[in-house]
Amino acid sequence: MVTPVQRREIVKKKTNKFHRFQSDRYDKLTSNWRKPKGIDNRVRRRFKGAALMPKIGYGSNHKTRHLMPNGFKKFLINNVQDIDLLLMHNRTYSAEIAHNVSARKRAIIVQRAAQLNVKVTNAHAKLRKEESK
């Protein structure tokens with residue numbers, strides 16, 4: 001079984017999302033964040049009690065950015081040749097097979113990943129029970 005190089009604790013400074021100001025009030029406004037631009041806007045002016053705006057200080061630690069809880073970073077695999085890119089990086093990245101890869105190619109990718117000692121996060125997806133026995 002492949003283990004990551006380091007298991008650092010992943011600290012999220014803010015886990016809930018930033019919502020667009022007054023998006024709860026109007027259906028035409030989606031909750032996706034947009035910076036308020038109004039001259040009297042209390043969120044833009046950072047009044048006490050108003051919603052918080054995103055800023056650079058909420059960013060993740062550089063060493064734990066894009067890490068999954070298992071300690072690996074994700075690398076998307078679309079074909080059999082992509083798995084060979086992880087030969088020297090099998091302790092940093094784990095493979096994730098793309099959703100549009102067929103079951104036949106998927107089995108070949110999983111077999112090649114086992115040879116290279118690369119962890120595949122969704123190795124059991126799209127496999128039939130008869131084939132896996």
Side-chain angles (χ1 to χ4, degrees):
M1 192 68 195
V2 188
T3 58
V5 178
Q6 291 180 338
R7 285 298 295 263
R8 291 183 178 269
E9 185 181 356
I10 301 170
V11 177
K12 304 284 186 190
K13 295 180 188 169
K14 184 169 166 56
T15 54
N16 52 349
K17 293 192 171 187
F18 292 100
H19 293 290
R20 186 178 184 175
F21 180 59
Q22 289 189 339
S23 64
D24 56 337
R25 185 177 289 194
Y26 302 107
D27 288 334
K28 63 185 174 183
L29 296 181
T30 60
S31 65
N32 302 335
W33 173 254
R34 296 290 184 271
K35 184 171 170 57
K37 303 270 177 31
I39 56 171
D40 294 329
N41 190 287
R42 44 194 268 247
V43 174
R44 183 190 62 79
R45 292 165 71 185
R46 300 188 187 136
F47 282 9
K48 189 180 356 174
L52 296 173
M53 286 200 295
K55 44 189 165 188
I56 199 67
Y58 289 115
S60 298
N61 182 354
H62 179 69
K63 292 178 179 169
T64 62
R65 193 173 301 155
H66 305 300
L67 275 187
M68 297 189 296
N70 62 7
F72 288 100
K73 292 182 179 180
K74 197 183 294 186
F75 186 80
L76 195 64
I77 303 293
N78 289 301
N79 53 48
V80 183
Q81 290 79 29
D82 285 351
I83 200 78
D84 294 333
L85 297 171
L86 296 180
L87 175 65
M88 301 299 291
H89 306 286
N90 63 343
R91 307 251 339 258
T92 307
Y93 291 93
S94 68
E96 181 167 303
I97 305 172
H99 76 282
N100 55 349
V101 177
S102 67
R104 185 168 53 106
K105 292 282 186 189
R106 222 169 250 272
I108 298 169
I109 290 172
V110 170
Q111 183 181 7
R112 180 69 178 142
Q115 293 171 355
L116 299 177
N117 201 19
V118 172
K119 181 177 176 60
V120 181
T121 56
N122 57 350
H124 302 297
K126 288 192 181 179
L127 289 180
R128 290 201 180 127
K129 289 191 166 82
E130 300 89 45
E131 294 172 357
S132 62
K133 287 184 180 177

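The analysis underlying the following values was restricted to heavy atoms, covering all of them including side chains, and did not include hydrogens, waters or symmetry mates.
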Looking at Arg65, I'd like to know if its CZ atom is crowded, meaning that more than 12 non-hydrogen atoms belonging to other residues, nucleotides or ligands lie closer than 6.0 Å. yes
If you measure from CZ on Arg106 to NE2 on His99, what distance do you get to the nearest 0.5 Å? 9.5 Å
Heavy-atom pair with the smallest gap, counting every atom of Val110 and Ile97: CG2-CD1, 3.9 Å
Nearest-0.5 Å distance that lies between atom CG in Leu67 and atom CG in Asn61: 9.0 Å
Could you pull out the closest heavy-atom pair between Arg45 and Ile39, with the gap in Å? CD-O, 3.9 Å
Let's go through Val2 and Phe72 carefully: what are the C-alpha distance in whole Å and the side-chain angles of both, what is the deciding distance for side-chain contact (heavy atoms from CB on, under 4.5 Å) to 0.1 Å, and is it a yes or a no? CA-CA 10 Å; Val2 188; Phe72 288 100; 3.9 Å; yes
Nearest 0.5 Å please: distance from the NE2 atom of His19 over to the CG atom of Asp24. 9.5 Å
Are the side chains of Met68 and Ile10 in touch, meaning some heavy atoms are under 4.5 Å apart? no
Minimal non-hydrogen separation, Pro4 against Gly71, with atom names: CB-O, 3.6 Å
Apply side-chain contact (heavy atoms from CB on, under 4.5 Å) to the pair Val118 and Phe75, showing each step before the final yes or no. CA-CA 11 Å; Val118 172; Phe75 186 80; over 6 Å; no
Would Ile77 and Glu96 count as a side-chain contact (heavy atoms from CB on, under 4.5 Å) if you check the C-alpha gap in whole Å, the side-chain angles of each, and the deciding distance to 0.1 Å? CA-CA 6 Å; Ile77 303 293; Glu96 181 167 303; over 6 Å; no
same_hphob_cluster(Leu52, Trp33) at 4.5 Å side-chain heavy-atom cutoff: yes
Taking it one step at a time, do Arg42 and Phe21 satisfy side-chain contact (heavy atoms from CB on, under 4.5 Å)? CA-CA 10 Å; Arg42 44 194 268 247; Phe21 180 59; 4.2 Å; yes
Take atom OH in Tyr93; do more than 12 heavy atoms of anything else shown fall under 6.0 Å from it? no
More than 12 heavy atoms from other groups under 6.0 Å of CG on Asn32: yes
Give me the atom names and distance for the closest heavy-atom approach of Asn117 to Asn90. O-ND2, 3.0 Å
Verify the cluster assignment for Val5 and Leu85: are they in a single hydrophobic cluster under the rule of side-chain heavy atoms below 4.5 Å apart? no
May I ask you to check whether over 12 heavy atoms, not counting those of Lys74, lie within 6.0 Å of atom NZ? no
Is there a side-chain contact between Val120 and Ile109 (heavy atoms, below 4.5 Å)? no
Min side-chain heavy-atom separation Asn100-Asn78 under 4.5 Å: yes
Is there a side-chain contact between Met53 and Val43 in this structure, where contact means two heavy atoms from C-beta onward sitting under 4.5 Å apart? yes
Taking Ala107's backbone N and O only, do any of them form a donor-acceptor pair with Lys126's side chain (distance below 3.5 Å, no angle check)? no
For Lys13, is the NZ atom crowded, meaning more than 12 foreign heavy atoms sit under 6.0 Å from it? yes
Whether the side chain of Asn41 engages the backbone of Arg44 through a donor-acceptor N/O pair (distance < 3.5 Å, no angle test) should be reported. yes
Are Leu116 and Asp84 packed together at the side-chain level, in the sense that at least one heavy-atom pair is separated by less than 4.5 angstrom? yes
If you take all heavy atoms of Arg7 and Asn70, which pair is closest and at what distance? NH1-O, 3.5 Å
Spell out, yes or no, whether Val80 and Leu86 are grouped together once hydrophobic residues are joined by side-chain heavy atoms under 4.5 Å, including indirect joins. yes
What is the minimum heavy-atom distance between Ser60 and Lys12, and which atoms define it? OG-NZ, 4.5 Å
